[in-house]
Amino acid sequence: MRKEPLDRPPVAVFTQSATIGQMDAVGCAWPEAHSDAKMMAKLGAAQATVFGFEAVRSSFCLTAEAERLGCNVDPGKKDRTPMLKKHPFNFDPMSDVYDEPNLMDPEEFLKGGRPAVIIEATRLMADEYGKEYPVIAGNTGPFTLAGHMVSTENLVFGIMMNPEEVHKWIAAVNPIVKAYSQALSDAGADIIQMSEPSSSTDLLSPDMFTEYSGNYVKDSLACVKDAYSVLHICGDTSAILPLMADTGVTGCSIEEKVDSAEAVKINNGRVALVGNIGVVHPLLQGTPEDCAAAAKRIAAAGFNIVSPGCGLSALIADENLRAVVKAIKG
Amino acid sequence: MSEKLDALIDIVVTGKMKLAKDATQACLDDGIDAKTIIFEGLSKAMAIVGDKYAAKQYFLPQVLLSANTLYQGLNLCLPLLQGDGSASKGTVVIAVVEGDVHDIGKNIVKAMLTGLGLNVVDLGKDVPIKDIIASAQENNASIIAESTLMTPTLAGMKQCEADLKENGLKGKIKTMIGGGATSKEFAEQIGADGWSYDAVEASHLAASILGIQ
């Protein structure tokens with residue numbers, strides 16, 4: 001994370017790390033591990049204990065905060081992450097009807113639900129694995145969380161119709177995001193890895209990024225004390241990578257939709273680059289050889305940390321993950 | 001080409017949603033029939049929007065705005081087409097497959113296919129494969145379009161191909177897939193009739209499957 005010259009980059013899963021293979025190996029599985037701190041700690045450490053990746057990570061999804069704030073969540077299955085079923089607030093740019101963002105205060109937020117479980121799991125991981133591995137804690141970015149509360153499509157459409165109402169919602173969730181990021185650091189996380197998929201260029205135009213996401217991330221993630229900060233955004237981030245760095249985060253985690261060498265060139269040494277092995281190709285559908293080749297190519301391109309470019313699919317084969325570790329560690 | 005129709009095209013492309021109804025009405029008042037408004041006006045406008053998206057001049061927010069502007073005009077025109085057999089160039093049943101709720105991409109594909117002049121039956125998100133196939137049969141659809149962003153649901157897409165085959169519908173109803181978890185290779189592997197990277201490609205793909213320009 002300090003961008004120091006090393007003989008090889010570390011290899012770690014910075015995004016969702018659990019797979020069926022790890023669940024079977026450590027005897028903790030989804031969906032139970034989403035809401036049980038001990039199981040989460042054990043399964044979150046499995047990337048290191050089972051495969052030899054060089055980090056442990058708490059939380060496996062981006063629904064914990066939304067659920068705490070009133071979203072209806074389907075807990076998923078062993079091979080499927082939880083998903084949001086219903087947005088609790090009305091935000092309709094077509095009919096010009098907008099609910100007020102009446103949310104619980106940040107202190108209350110941290111005390112219960114799955115965020116409290118994740119904080120506890122992070123604490124357990126720091127105690128048990130912290131001396132040996134960096135502890136990563138994953139959470140949800142402000143624009144993404146606001147979208148979870150009111151429907152992402154409506155929020156994006158709102159930018160064109162009524163930007164003030166959009167800002168009102170992001171500003172309302174951001175103190176919660178900030179308090180949660182700090183609480184994860186206080187629990188012992190070395191790195192806060194915030195996923196902000198809804199501000200990817202698949203959803204926002206690059207010229208909207210700073211106003212609707214970056215400025216808020218600057219406040220809620222980049223200012224976190226006693227931890228490094230990594231901003232993860234999916235899709236083709238080539239146009240927004242400099243803007244992601246402008247938020248002041250320590251690192252940026254990106255997908256394979258940006259060519260690795262091109263990303264290193266755009267970044268020009270500003271932040272630690274984390275990524276960008278494709279999750280579907282090669283990890284899910286490729287061979288171990290494909291996975292090893294991708295990892296080596298990314299290391300050679302100059303990424304600071306070799307990692308999957310997005311949350312792992314639980315169905316990824318053990319041998320593909322082992323091949324990534326072996327390609328980097330030897 | 002009528003000036004009024006040009007004005008409507010411009011309104012859809014630039015997403016001036018509040019002006020769309022009046023502009024469509026002005027076309028009708030001018031004696032332009034609903035079919036011409038759809039195919040020479042609204043479709044053309046969405047094609048321009050698609051080009052701008054492909055060129056990265058437009059992103060999702062602008063496309064959403066144009067799509068909603070398009071629907072304002074369509075809502076006026078569609079009822080006037082009732083009973084006109086030549087009105088639709090084909091029917092597409094579209095859905096996000098069971099196990100996934102990410103539907104923004106699907107909604108944009110729907111807008112582009114509607115813009116193409118197709119009748120689009122939208123089943124929404126998290127839809128069981130059997131419901132998709134039943135709806136396709138019921139609506140006499142030429143195409144099933146499925147999307148997913150989540151890898152566990154890829155199995156559902158494979159299942160769809162198997163079920164179509166089992167029911168003797170494979171080939172009669174064409175399938176096209178898309179979404180972040182899919183790929184061209186995956187589409188070929190399961191025997192889908194086509195894959196597209198984004199909504200613009202999807203409209204080109206549907207046009208080529210149906211043999212329309």
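Lettering of chains follows the sequences in order, A, B, ..., and the numbering in each one begins at 1. Everything numeric in this text was worked out from a predicted model, so none of it was measured.
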Cut-off 4.5 Å, heavy atoms of chain B, and the answer for A/K77 is neither
Applying a strict 4.5 Å limit to non-hydrogen atoms, the region of A/V156 in contact with chain B is both
Answer key: most heavy-atom pairs under 4.5 Å with chain B among A/C310, A/C234, A/P206, A/G158 is A/P206
Closest non-hydrogen contact found for B/T151 with A/S313 is OG1-OG, 2.7 Å
Listed by number, the residues in residues 103-110 of chain B that come under 4.5 Å of chain A (heavy atom to heavy atom) are B/D103, B/I104, B/N107
Taken to the nearest 0.5 Å, the spacing of B/L154 CG from A/L284 CG works out to 7.0 Å
By residue number, those in residues 118-130 of chain B with heavy atoms under 4.5 Å from heavy atoms of chain A are B/D126
To the nearest 0.5 Å, atom OG1 of B/T153 lies from atom CZ of A/R80 at 9.0 Å
Honestly, the part of A/D74 sitting under 4.5 Å from a heavy atom of chain B is neither
Rounding to 0.5 Å, atoms CG (A/L204) and CZ (B/F59) come to a distance of 10.0 Å
Please indicate whether B/K16 has more than 12 foreign heavy atoms, meaning atoms of other residues, nucleotides or ligands, lying under 6.0 Å from its NZ. yes
Discussion item. Taking the side chain as everything from C-beta on, heavy atoms only, tell me whether B/E185 gets closer than 4.5 Å to A/H281.
Written reply: yes
Under 4.5 Å to a heavy atom of chain B? For A/S151 that would be neither
Could you walk me through whether B/L65 and A/M161 pass the side-chain contact (heavy atoms from CB on, under 4.5 Å) check? CA-CA 8 Å; B/L65 191 59; A/M161 303 293 287; 3.5 Å; yes
Chain A shares the most heavy-atom pairs under 4.5 Å, among B/A181, B/G15, B/G180, with B/A181
Taken to the nearest 0.5 Å, the spacing of A/M94 CE from B/N68 CG works out to 4.5 Å
All heavy atoms of A/M83 vs all of B/G99, minimum pair found to be SD-O, 3.3 Å
Honestly, the part of A/N154 sitting under 4.5 Å from a heavy atom of chain B is neither
The interface call for A/I316 against chain B, heavy-atom contacts under 4.5 Å, is neither
Counting heavy-atom pairs under 4.5 Å with chain A, the top scorer among B/V101, B/D198, B/V63 is B/V101
One should read off an interatomic distance between B/H102 NE2 and A/L84 CG, to the nearest 0.5 angstrom, of 8.0 Å
When the 4.5 angstrom heavy-atom criterion is applied to A/Q285 and chain B, the contacting part is side chain
